[in-house]
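For reference, the structure discussed in these notes is given below.
For the numbers below, each heavy atom of this structure counts, side chains included, while hydrogens, waters and symmetry mates do not. Predicted, not measured: the structure shown is a model, and the values here were computed from it. Quick note: residue numbers are just sequence positions, from 1. Whatever order the structure lists ligands and atoms in, that order sets their numbers, starting from 1.
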Amino acid sequence: MSEQLSFVSPTANSPWGTYLSQVDRVVPYLGPLARWVETLKRPKRALIVDVPIEMDDGTIAHFEGYRVQHNMSRGPGKGGVRFHPDVTLEEVMALSAWMTIKTAAVNLPYGGAKGGIRVDPKKLSLQELEKVTRRYTSEIGIIIGPHTDIPAPDVNTNAQIMAWMMDTYSMNVGGTATGVVTGKPLHLGGSLGRVKATGRGVFVTGREAARRLGMDLRGARIAVQGFGNVGSVAAELFAEAGAKIVAVQDHTGTIVNSNGLDLAKLVPISRTDGVIGFKAGGDIVPNEDFWNTPCDILIPAALEGQLTAERAQKTTAKLVLEGANGPTVPQADDILAERGVLVVPDVICNAGGVTVSYFEWVQDFSSFFWDEDEINVRLDRIMMNALNHIWDTADKHKITLRTATYAVACERILMARQERGLYP
Ligand code: NAD
């Protein structure tokens, strides 16, 4: 039936196809709720917008923008905005669907949404970037709001962009609506702990998974792909716990050092020159070699579709922590399971960001702000409770952590759907 509607038919090897096959795998565990499963295979709403701006040289440029609200059965839509030249509607659909699963897996009172603009922000001046952000926000303003859909940062978007989004929305509605976006600067209703929250969640779930596997983090060798907000923070926390970061890859290349890279030097250099700027601290190797670097833990924290079947065969890791959204293709998932490699799936592993976004939103509504210790304690507790519940479900049904996460999340979403009933 779904083949008749082009916007839900996946193209080959697409993230949306990956998501659909992940949902199919969970159907046997849904019992009578399985009759509602088609709900999860269709976004509730998808908006495509034109974003025209006047460039600094006086020409007019047009960019294509999207906001997809995948599911809002359990609460308002929640999900980041990505600025990237390769963003497509289909990719944003998948990312919005993973947000639905993620918010339900961690039991936050949200649905799932995502947005994006097909633009390379590195090619824009600061003024052009602000114009793109403001026009996009204005165009999607008809469907976002503090009680309907709350954007946040994702790849290539940050606190400044959230501040412009909050201001634009506020100007359009007349007032100051801090709760319309999360990931804002601190003095504009942002939350302490938000910047490091996703990397911290990767660390918390990874530490627990390692403990259950009997793997000592002291001396454990870790390879990290993607050294931005998620990858670099996770790497720092693992290094603090005694692990060695033996390989790092970003868009500039790959650097390895079997004795462990010096993160105090690598992190600041990577922000300006990329990881290959730290030539003095390790060996620069071809990108494909990243995947067979001897390691105990692999953290894909860049973009989706990176861990392919071929790379899953090569890796020596015993534990994969999905910092990125959708980094592992379904065939690779099967290979890793056969090889006894444990995968902590994205929808739980990187849920620390949306959890602290939830704290930010709650603090904005109450206009009462918590200290960082309180935030980190609450974050750790929510992540650990979610992971333990999922682990028990996986043990009970003898299924992977990913299928268990989907089973827990889909049951919550479809139960809400059933209890609300169909309108009209
Ligand atoms: P970021 O923009 O801060 O960093 C992205 C990193 O990936 C950069 O180091 C970049 O160089 C690298 N990269 C890009 N293309 C690459 C390629 N082809 N090969 C290797 N490296 C490449 O983004 P981020 O916020 O760290 O997000 C990374 C991933 O984590 C994304 O999948 C995002 O959706 C996901 N995620 C982010 C958050 C968050 O709070 N930031 C929350 C949940 C999930």
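- The residue from Gly305, Gly79, Gly353, Ala302 that puts a heavy atom closest to atom 31 (C) of ligand 1 is Ala302.
- Judged purely by distance below 3.5 Å, without hydrogens or angles, the side chains of Thr11 and Glu90 pair a donor atom with an acceptor atom.
- For atom 33 (C) of ligand 1, the closest non-hydrogen atom on the protein side is Asp154 OD1, 3.3 Å.
- Of all atoms in ligand 1, listed by their number and element, those nearer than 4.0 Å to a heavy atom of Phe227 are 6 (C), 8 (C), 9 (O).
- At least one heavy atom of Arg194 sits under 4.0 Å from some atom of ligand 1.
- Less than 4.0 angstrom separates some heavy atom of Arg82 from each of these atoms of ligand 1: 31 (C), 32 (O), 33 (C), 34 (O).
- The nearest heavy-atom contact from the protein to atom 25 (O) of ligand 1 is Asn229 CB, 3.7 Å.
- Interface atoms of ligand 1 facing Gln225, defined by a heavy-atom separation under 4.0 Å, are 19 (N), 20 (C).
- Remark: of the listed residues Asp120, Val119, Leu124, Asp120 is the sole one forming a side chain to side chain contact (heavy atoms under 4.5 Å, CB included) with Lys122.
- When only non-hydrogen protein atoms are considered, atom 26 (O) of ligand 1 lies nearest to Val230 N, 2.9 Å.
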List the steps and the verdict of side chain to side chain donor-acceptor pair (under 3.5 Å) for Thr254 and Gln249.
CA-CA 4 Å; Thr254 304; Gln249 181 181 96; 2.8 Å; yes
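- Judged by distance alone, the side chains of Tyr358 and Glu360 never bring a donor and an acceptor atom under 3.5 Å apart.
- Between atom 20 (C) of ligand 1 and the options Lys196, Lys114, Glu322, Gln249, the minimum heavy-atom separation is to Gln249.
- The closest side-chain donor-acceptor pair between Ser138 and Asn172 falls under 3.5 angstrom.
- Under a 4.0 angstrom heavy-atom cut-off, Glu304 registers as lying outside contact with ligand 1.
- For the 3.5 Å distance criterion, the side chains of His84 and Asn156 fail to qualify, holding no donor opposite an acceptor.
- Note: no N/O pair closer than 3.5 Å links Asn350 and ligand 1 by distance alone.
- In summary, the atoms of ligand 1 found under 4.0 Å from a heavy atom of Asn156, numbered by their order in the structure, are 2 (O).
- The option with the heavy atom closest to atom 40 (O) of ligand 1, from among Val356, Thr157, Thr198, Asp86, is Thr198.
- Here CE of Met166 is found 6.0 Å from OG1 of Thr178. Values are rounded to the nearest 0.5 Å.
- At least one heavy atom of Ala301 sits closer than 4.0 Å to an atom of ligand 1.
- Ranked by closest heavy atom to atom 10 (C) of ligand 1, the top entry among His251, Met99, Arg271, Gln306 is His251.
- Of the N and O atoms on the side chains of Lys102 and Asn350, at least one donor lies less than 3.5 Å from an acceptor on the other residue.
- Shown in contact with Leu303 at under 4.0 Å from a heavy atom are these atoms of ligand 1, numbered in order with element: 15 (N).
- Two rings, from His251 and Phe227, have their centers 6.0 Å or more apart.
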Kindly indicate, with the supporting measurements, whether the criterion side chain to side chain contact (heavy atoms under 4.5 Å, CB included) is fulfilled by Leu30 and Trp36.
CA-CA 10 Å; Leu30 293 177; Trp36 294 96; over 6 Å; no
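- Residue Ala324 has at least one heavy-atom neighbour below 4.0 Å for each of these atoms of ligand 1: 29 (C), 30 (O), 32 (O), 35 (C).
- The option from Gly231, Gly228, Gly352 that lies nearest to atom 6 (C) of ligand 1, judged by heavy atoms, is Gly228.
- Distance CD1/Ile375 to CG/Leu192: 5.0 Å, rounded to 0.5 Å.
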